[in-house]
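Let me begin by presenting the structure, written as structure tokens, before commenting on it.
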Protein chains: 2
Amino acid sequence: MSEFKPLDPLLHSQLRLAVMSLLLSVEEAEFTFIKEKTESTAGNLSVQLDKLEKAGYLAIEKSFRGKRPLTTCKITQKGVKAFEAYVENLKNYIS
Amino acid sequence: MSEFKPLDPLLHSQLRLAVMSLLLSVEEAEFTFIKEKTESTAGNLSVQLDKLEKAGYLAIEKSFRGKRPLTTCKITQKGVKAFEAYVENLKNYIS
DNA sequence: ATAGAATGGTTTATAAAATAAACCTATTTA
DNA sequence: TAAATAGGTTTATTTTATAAACCATTCTAT
């Protein structure tokens with residue numbers, strides 16, 4: 001029952017946590033939508049999405065809508081699991 | 001109802017959050033006790049306690065127990081308020 | 001047709017944080 | 001009296017987060 005288990009540093013980040021939270025509720029979202037909802041800059045978001053993808057928490061698909069690039073993100077099962085574990089750990093800190 | 005309000009960066013840190021959490025439950029604790037409970041190094045803890053004190057979230061008292069230095073910490077009202085606000089905001093990310 | 005603004009991002013640079021390593025002073029113990 | 005321990009602080013290093021600059025393409029207005 002060790003009180004304070006380490007918090008997954010990939011999730012313990014305001015923007016990445018917001019992204020994951022958002023994707024949990026919608027299951028799929030476009031770059032610009034995430035950007036608006038999280039009120040982040042494109043640069044910051046781009047970097048953080050990359051990290052989440054490299055961790056296997058997100059699947060990112062690049063395609064085109066008409067002639068413009070389109071980046072679509074969805075959470076993976078691994079991402080869901082990691083998020084749940086993070087929340088469980090976090091509860092020991094905030095309750 | 002903007003979903004993701006900024007999370008107080010002073011609290012959104014694993015070690016500082018653990019310290020605050022601990023102090024909320026005990027109301028007063030010694031440096032070494034906090035160090036053990038949070039499993040942190042003395043150097044890291046010293047730095048983080050400093051930040052929390054400078055923010056006005058903790059009151060830190062330096063004295064002696066017998067001949068040895070003794071650092072005692074307690075949370076302030078400002079600290080309690082900040083913690084509560086942090087938790088409220090955080091809930092929007094994790095629920 | 002072409003200059004300028006907008007879209008949808010990525011890459012690079014900078015600032016801030018977290019952490020560890022080294023250090024310091026005094027005190028006990030062998 | 002030398003070495004280990006206590007109780008920390010200070011400094012250096014590594015990671016992160018964030019912003020700024022940039023890039024390619026596509027619209028829009030002239």
Side-chain angles (χ1 to χ4, degrees), chain A residues 4-23 28-55 57-74 82 86 89-90 93, chain B residues 4-21 28-55 57-74 82 86 89-90 93:
Chain A
F4 303 114
K5 291 184 187 145
L7 299 172
D8 183 345
L10 256 140
L11 294 180
H12 198 64
S13 138
Q14 182 168 319
L15 182 48
R16 288 195 300 270
L17 194 62
V19 168
M20 294 292 283
S21 176
L22 191 56
L23 288 176
E28 172 161 319
E30 297 171 13
F31 186 97
T32 53
F33 177 76
I34 299 174
K35 179 173 175 297
E36 277 160 27
K37 282 291 183 182
T38 60
E39 293 172 81
S40 57
T41 61
N44 193 7
L45 182 56
S46 179
V47 170
Q48 307 311 329
L49 288 180
D50 245 51
K51 289 186 187 175
L52 290 171
E53 187 190 25
K54 269 162 192 153
Y57 293 179
L58 294 187
I60 298 183
E61 245 201 52
K62 275 147 204 309
S63 60
F64 285 86
R65 171 161 48 210
K67 304 182 166 173
R68 294 176 171 293
L70 179 67
T71 298
T72 309
C73 309
K74 59 172 63 172
Y86 170 79
N89 283 176
L90 192 59
Y93 289 74
Chain B
F4 304 114
K5 292 184 186 143
L7 299 172
D8 183 345
L10 257 140
L11 295 181
H12 198 64
S13 138
Q14 182 168 320
L15 181 49
R16 287 195 301 271
L17 193 63
V19 168
M20 294 292 282
S21 176
E28 172 160 320
E30 297 171 12
F31 186 98
T32 53
F33 176 77
I34 300 174
K35 179 173 173 298
E36 277 160 28
K37 282 291 185 182
T38 60
E39 292 172 82
S40 57
T41 62
N44 193 8
L45 182 56
S46 179
V47 170
Q48 306 311 328
L49 287 179
D50 244 51
K51 289 187 189 175
L52 290 171
E53 187 190 25
K54 269 163 193 154
Y57 292 177
L58 295 187
I60 298 184
E61 244 201 54
K62 275 148 205 308
S63 60
F64 285 86
R65 172 162 46 210
K67 304 180 168 177
R68 294 177 171 292
L70 178 67
T71 299
T72 310
C73 309
K74 58 172 64 174
Y86 170 79
N89 283 176
L90 191 60
Y93 289 75

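Here the structure is a predicted model, which is why all the values come from computation and not from measurement. Throughout, protein chains are lettered first and strands after them, A, B, ... in sequence-line order, and every chain is numbered starting at 1. Side chains included, hydrogens not; waters and symmetry mates left out as well; all remaining heavy atoms used.
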- List the steps, then state whether side-chain contact (heavy atoms from CB on, under 4.5 Å) holds for A:L90 with B:L90. CA-CA 10 Å; A:L90 192 59; B:L90 191 60; 3.3 Å; yes
- Can B:I34 and B:T71 be said to form a side-chain contact (heavy atoms from CB on, under 4.5 Å), step by step? CA-CA 10 Å; B:I34 300 174; B:T71 299; over 6 Å; no
- Verify side-chain contact (heavy atoms from CB on, under 4.5 Å) between A:L52 and A:L23, making sure each step is shown before the conclusion. CA-CA 12 Å; A:L52 290 171; A:L23 288 176; over 6 Å; no
- Message: Assess the residue pair A:R68 and A:R65 against the criterion (side-chain contact (heavy atoms from CB on, under 4.5 Å)); give the C-alpha distance rounded to whole Å, side-chain angles, the decisive distance to 0.1 Å, and a yes or no.
- Response: CA-CA 5 Å; A:R68 294 176 171 293; A:R65 171 161 48 210; 5.6 Å; no
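Under the 4.5 Å side-chain criterion, counting only non-hydrogen atoms from C-beta, B:Q14 is in contact with A:P6. Between B:I60 and B:K62, the closest side-chain pair of non-hydrogen atoms falls below 4.5 Å.
One atom, NZ of B:K54, and another, C1' of D:dT9, lie 11 Å apart when rounded to the nearest Å. Protein atom CD1 of A:I60 is 10 Å distant from nucleotide atom P of C:dG9, rounded to whole Å. Between the CG atom of A:L45 and the P atom of C:dT10 there is a distance of 9 Å, given to the nearest Å. Look at CZ on A:F33: it is 17 Å from C1' on C:dG8, rounded to the nearest Å. The CD-P distance, from B:E36 to D:dA6, rounds to 10 Å in whole Å. Distance CD (A:E39) to C1' (D:dA19): 17 Å, rounded to an integer number of Å. In this structure, A:E30 atom CD and C:dG8 atom C1' are separated by 11 Å, rounded to whole Å.
When the nucleotides D:dT16, D:dA19, C:dG9 are ranked by their closest atom to the side chain of A:T41, D:dA19 comes out on top. Minimum atom distance to the side chain of A:Q48 is reached by D:dT18, of the listed D:dT18, D:dT9, C:dA18.
Between A:S46 and C:dT10 there is a side-chain N or O to OP1 or OP2 distance below 4.0 Å. OP1 or OP2 of D:dT16 has not a single side-chain nitrogen or oxygen of A:K51 nearer than 4.0 Å.
Going from atom CE of A:M20 over to atom CG of A:D8 covers 8.5 Å, rounded to the nearest 0.5 Å. For the atom pair A:L11 CG and A:K51 NZ, the distance stands at 12.5 Å (nearest 0.5 Å).
Within residues 64-71 of chain B, the residues approaching DNA chain C are B:K67, B:R68, by heavy-atom distance under 4.0 Å. Near DNA chain C, defined here as any heavy-atom distance below 4.0 Å, the residues from residues 6-19 of chain B are B:S13, B:R16, listed numerically.
For B:Y93, the ring pair (Phe, Tyr, Trp, His ring centres under 6.0 Å) partners two or more places apart in sequence, or in a different chain, are B:F4.
Toward the 5′ end of DNA chain D lies the nearest nucleotide of B:V47, the other residue of the pair B:V47 and A:N44 mapping further downstream.
Within 4.0 Å (heavy atoms only), B:K35 reaches no atom of the nucleic acid at all.
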